[in-house]
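For the single chain, residues carry numbers from 1 onward in sequence order. Counting convention: from 1, in listed order, for ligands and their atoms alike. The figures that follow rest on heavy atoms only: side chains count, while hydrogens, waters and symmetry mates do not.
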Amino acid sequence: MKILITELIWKEGIEELINNGYHVDYDENLWRNREELLKKINNYDALIVRNQTKVDQELLAAGPQLKVIGRLGVGLDNIDIQSAKKMGIPVVYAKNANATSVAEYVLTALLSVSRPLHFADYDVRKGNWDRKTYTGLELAGKTLGLIGLGEISHRVAKRSLSFGMNVIGYDPFIADYDHIVSETGVQVKESLADLLTESDFISLHVPLTPSTKYLISETELQSMRATSYIINTSRGGIVNERDLAAALRRGTIAGAFLDVLEMEPIHPASELLTCSNAVITPHIAGLTQESQIRTSILVAKEVGKVMKN
Ligand code: NAD
């Protein structure tokens, strides 16, 4: 049985597959070469990808032996789930394996606003001893608004509540609000507008779907507080980047942390690159040593399970 891996995987995942007798071909840059991938795929029984390989109908049709697709992470927007289903190819993924890492990234963003230690250090090294500029803020008492109340939000909420923050949330697909409140301590809002106006920090944790595309655009940004920050670790395309750049420049909101973008890597002409109040990272919120070992082993095991059946 042959497995093709087209994006970065930790060695523990490859070892898991090889120890179970599979032949593994691994090229972490193959996702960049669509033509080669389309030619190669017909020899393989399984395909393992991260979030860059477009697993669409064309690619699935080019791999008649494919028995399973493994996704190293969560967020299945690069995979045509409907086509895979029609062709009888299961898609397995690393549910929850990087949720703690994403939650800790969000906490890092919150703390870097309240205590900008790196800027203070940079200033001291330039010869200044300016205690006034670097007077911080306390997170305690501030309101964090979580959009989407799934796995990652629960972990962000738990950690933020321990800092004494008020945590509010919006998720129209939650059936049992009382359960969420008692289990997580999050106060659930029935409208997105209420969450936007009441939050000091807004963190997005929804999948990219037709209904979440540009969920945050000009109107939503206008209703946020001028002192507020938005944190997007979910997917590019959920925030309208042009509207966000305009809001950051005008001071409609105070700042943004963006781990995900509509186009990755970021377009060199993106207006966001000119906004000094935007912190942009290369889709690393879920990437820690621990989460990647967990993800790689979990997906290797799940792919193996399907192949054995
Ligand atoms: P999850 O499925 O556990 O939770 C998503 C929640 O969003 C669900 O409760 C759902 O009801 C809610 N939702 C859907 N549409 C909504 C809408 N229009 N308004 C409000 N809520 C809505 O997912 P999760 O594990 O918490 O992950 C969330 C997203 O984070 C993933 O889909 C993925 O795109 C992204 N992610 C990014 C990274 C990274 O490295 N940056 C890592 C992991 C996950």
Would you please classify the geometry between the Y229 ring and the F201 ring as parallel, tilted or perpendicular, with 30° and 60° separating the classes? parallel
Heavy-atom contacts with H283 under 4.0 Å: which atoms of ligand 1 show up? List them by number with element. 39 (C), 40 (O), 41 (N)
Does any part of the side chain of L221, heavy atoms only, come nearer than 4.5 Å to the side chain of I253, both counted from C-beta? yes
Hey, is ligand 1 close enough to D259 that some N/O pair sits below 3.5 Å? yes
Nearest non-hydrogen protein atom, atom 42 (C) of ligand 1: V102 CG2, 3.3 Å
D171-ligand 1 polar pair, N/O distance under 3.5 Å: yes
Do L144 and I168 have side-chain heavy atoms sitting under 4.5 Å apart? no
Is the closest heavy atom of S234 to ligand 1 under 4.0 Å? yes
Protein residue, atom and distance nearest to atom 22 (C) of ligand 1, heavy-atom basis: V206 CG1, 3.4 Å
Between K308 and N20, is a side chain to side chain contact (heavy atoms under 4.5 Å, CB included) present by the stated rule, with each step listed? CA-CA 10 Å; K308 277 195 187 102; N20 279 287; 3.8 Å; yes
To check your reading of the model: name the closest protein heavy atom to atom 32 (O) of ligand 1, its residue, and the distance in Å. P207 CA, 3.3 Å
Counterpart residues, salt bridge (Lys or Arg N to Asp or Glu O under 4.0 Å), relative to D77 (two or more places apart): R235
Heavy-atom pairs closer than 4.0 Å: do any link ligand 1 to the side chain of H205, the backbone, both, or neither? backbone
Between G75, P172, S291, flag the one that comes closest to atom 19 (N) of ligand 1 by a heavy atom. P172
Does K95 come within less than 4.0 angstrom of ligand 1, counting non-hydrogen atoms of the residue? yes
What's the shortest distance from atom 38 (C) of ligand 1 to any protein heavy atom, and which residue and atom give it? T233 O, 3.6 Å
Protein heavy atom at shortest distance from atom 40 (O) of ligand 1: G286 N, 2.9 Å
Any chance the side chains of S199 and T143 put a donor and an acceptor closer than 3.5 Å? no
Evaluate the side-chain proximity of I5 to L17: yes if any heavy-atom separation is below 4.5 Å, no if none is. yes
Min over L208, L215, I152 of heavy-atom distance to atom 26 (O) of ligand 1 lands on I152
Looking at R155 and E151, does any basic side-chain N land under 4.0 Å from a carboxylate oxygen? yes
Residue, atom and distance of the protein heavy atom nearest atom 4 (O) of ligand 1 read G150 CA, 3.2 Å
Single-linkage hydrophobic cluster, 4.5 Å side-chain cutoff, Y214 and V239 together: no
So, the side chain of E28 versus the backbone of E7: is there a donor-acceptor pair under 3.5 Å, distance only? no
I'd like to check whether E151 has a polar contact with ligand 1, where a contact means an N/O of the residue lying under 3.5 Å from an N/O of the ligand. yes
When rounded to the nearest 0.5 angstrom, what is the spacing between CG in L272 and CG in L261? 6.5 Å
Check for me whether A99 has a heavy atom closer than 4.0 Å to any atom of ligand 1. no
Checking D45 side chain against K2 main chain: does a donor-acceptor pair fall under 3.5 Å? yes
Nearest heavy atom to atom 18 (N) of ligand 1: which of N51, L258, T212 does it belong to? T212
Side-chain heavy-atom pair V156, L146 within 4.5 angstrom cut-off: yes
Atom indices of ligand 1, in the order listed, that fall short of 4.0 Å to a heavy atom of L149: 9 (O)
Does ligand 1 have a heavy atom under 4.0 Å from the side chain of Y170, from its backbone, from both, or from neither? both
Protein non-hydrogen atom below 4.0 angstrom of atom 15 (N) of ligand 1 present: yes
Would you mind listing which atoms of ligand 1 come within a distance below 4.0 Å of any non-hydrogen atom of V74? 43 (C), 44 (C)
